[in-house]
Amino acid sequence: MGGETPELSAQERAGKAFPVSWDQFHRDCRALTWRLNEVGPFHAVIAITRGGLVPAAIVARELGVRVIDTVCIASYDHTKQGDLQVLKGISDAAMKLGGGTGKGLLIVDDLVDTGKTGKLVREMLPDAHFATVYAKPKGRPLVDTFITEVSQDTWIFFPWDTALSYLPPLRDGAA
Ligand SMILES: O=P(O)(O)OC[C@H]1O[C@H](OP(=O)(O)OP(=O)(O)O)[C@H](O)[C@@H]1O
Ligand SMILES: O=c1[nH]c(=O)c2nc[nH]c2[nH]1
Ligand SMILES: [Mg+2]
């Protein structure tokens, strides 16, 4: 398609990279739990899949919560954000535990970026507590508790999306 400029992905627009190792992610999830421990107790954890599954497991383990539900939402196809699709809603059992409004429930996701995903889940559970490990400025007002803020033009690389690989030396042009 000669001459056309290809549309930049969200990752390309972001420009800066923030790679997170498993160790770092585990530490950040534990730090998040320290904060959440002051806010709870919670009847259940609601993980926003898929990115919320790993932090939800770590947070639930640390808080001693054994009821975990999912709300399954897809928006980014790799790095391009499309329309939000709710592939699975919150279960009736979890809804009941939260009295229909989410009171006493803890929603967990890996990050908020534009805040679109978080906004949708907040509408489903207006009284729930919403926690993410990382937050970008646009999504930050939606989150009750988070650990690290990164700039809007940063792309976070999670350990489950990456692998160790060779990096050429700086003087050979590595970023
Ligand atoms: O604040 P937003 O701009 O809505 O972006 C944040 C959401 O995007 C990512 O999920 P994604 O849709 O890529 O799906 P995944 O969790 O299955 O990777 C991330 O895990 C958040 O859920
Ligand atoms: O892996 C990811 N890193 C990000 O920074 C991001 N923002 C939205 N969705 C994302 N996924
Ligand atoms: Mg997600």
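One-based numbering, in listed order, for ligands and for the atoms of each.
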| query | Taking atom OG1 of Thr132 and atom CG of Leu111, what is their separation to the nearest 0.5 Å? | reply |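 These two atoms lie 7.0 Å from each other.
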| field | Between NZ on residue Lys88 and CD1 on residue Ile73, distance to nearest 0.5 Å | value |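 Output value for this atom pair is 10.0 Å.
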Show which atoms of ligand 2 fall inside a sub-4.0 Å distance from at least one heavy-atom site of [X].
X      : result
Phe158 : 1 (O), 2 (C)
Lys136 : 4 (C), 5 (O), 7 (N)
Asp113 : 6 (C), 7 (N), 8 (C)

Just to be sure I read this right, does ligand 1 sit under 4.0 Å from the backbone of [X], its side chain, both, or neither, counting only heavy atoms?
X      : answer
Thr117 : both
Thr49  : backbone
Asp109 : side chain

| said: I'd like to check whether Leu111 has a polar contact with ligand 2, where a contact means an N/O of the residue lying under 3.5 Å from an N/O of the ligand. | reply: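 In this structure, Leu111 places no N or O atom under 3.5 Å from an N or O of ligand 2.
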| Is the closest heavy atom of Gly139 to ligand 1 under 4.0 Å? |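 Distance cut 4.0 Å: Gly139 fails for ligand 1.
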| Got a sec, which residues hit salt bridge (Lys or Arg N to Asp or Glu O under 4.0 Å) with Lys138, two or more places apart in sequence or on another chain? |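 Checked Lys138 against salt bridge (Lys or Arg N to Asp or Glu O under 4.0 Å); zero matches.
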| task | In plain terms, say whether Lys116 and Asp83 are close enough for a salt bridge, that is, a side-chain N and a carboxylate O under 4.0 Å apart. | result |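 Judged by the 4.0 Å cut-off on N to carboxylate O distance, Lys116 and Asp83 do not form a salt bridge.
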| message | For Arg122, is there an ion pair with Asp144 - N to carboxylate O distance below 4.0 angstrom? | response |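 Salt bridge flag = yes for Arg122 with Asp144.
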| query | With sequence neighbours left out, what residues match His43 under side chain to side chain donor-acceptor pair (under 3.5 Å)? | reply |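 With sequence neighbours excluded, His43 shows a side chain to side chain donor-acceptor pair (under 3.5 Å) to no residue whatsoever.
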| query | What part of Phe18, side chain, backbone, both or neither, has a heavy atom within less than 4.0 angstrom of ligand 2? | reply |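 No part of Phe18 is near ligand 2 at this cut-off.
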| field | Interfacing atoms of ligand 1 (cut-off 4.0 Å, heavy-atom, Asp110) | value |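 Selected atoms, number and element: 19 (C), 20 (O), 21 (C).
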| task | Would you check the N or O atoms of Ile73, main chain and side chain alike, for any that come under 3.5 Å of an N or O of ligand 1? | result |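 In fact, backbone or side chain, Ile73 has no N or O that close.
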| message | Using a 3.5 Å cut-off on N or O atoms only, is Gly115 in polar contact with ligand 1? | response |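 Yes, since at least one N or O of Gly115 sits under 3.5 Å from an N or O of ligand 1.
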| task | Quick one: closest heavy-atom pair of Val65 and Ala44, and the distance? | result |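 Closest approach of Val65 to Ala44, heavy atoms only: CG1-CA, 3.8 Å.
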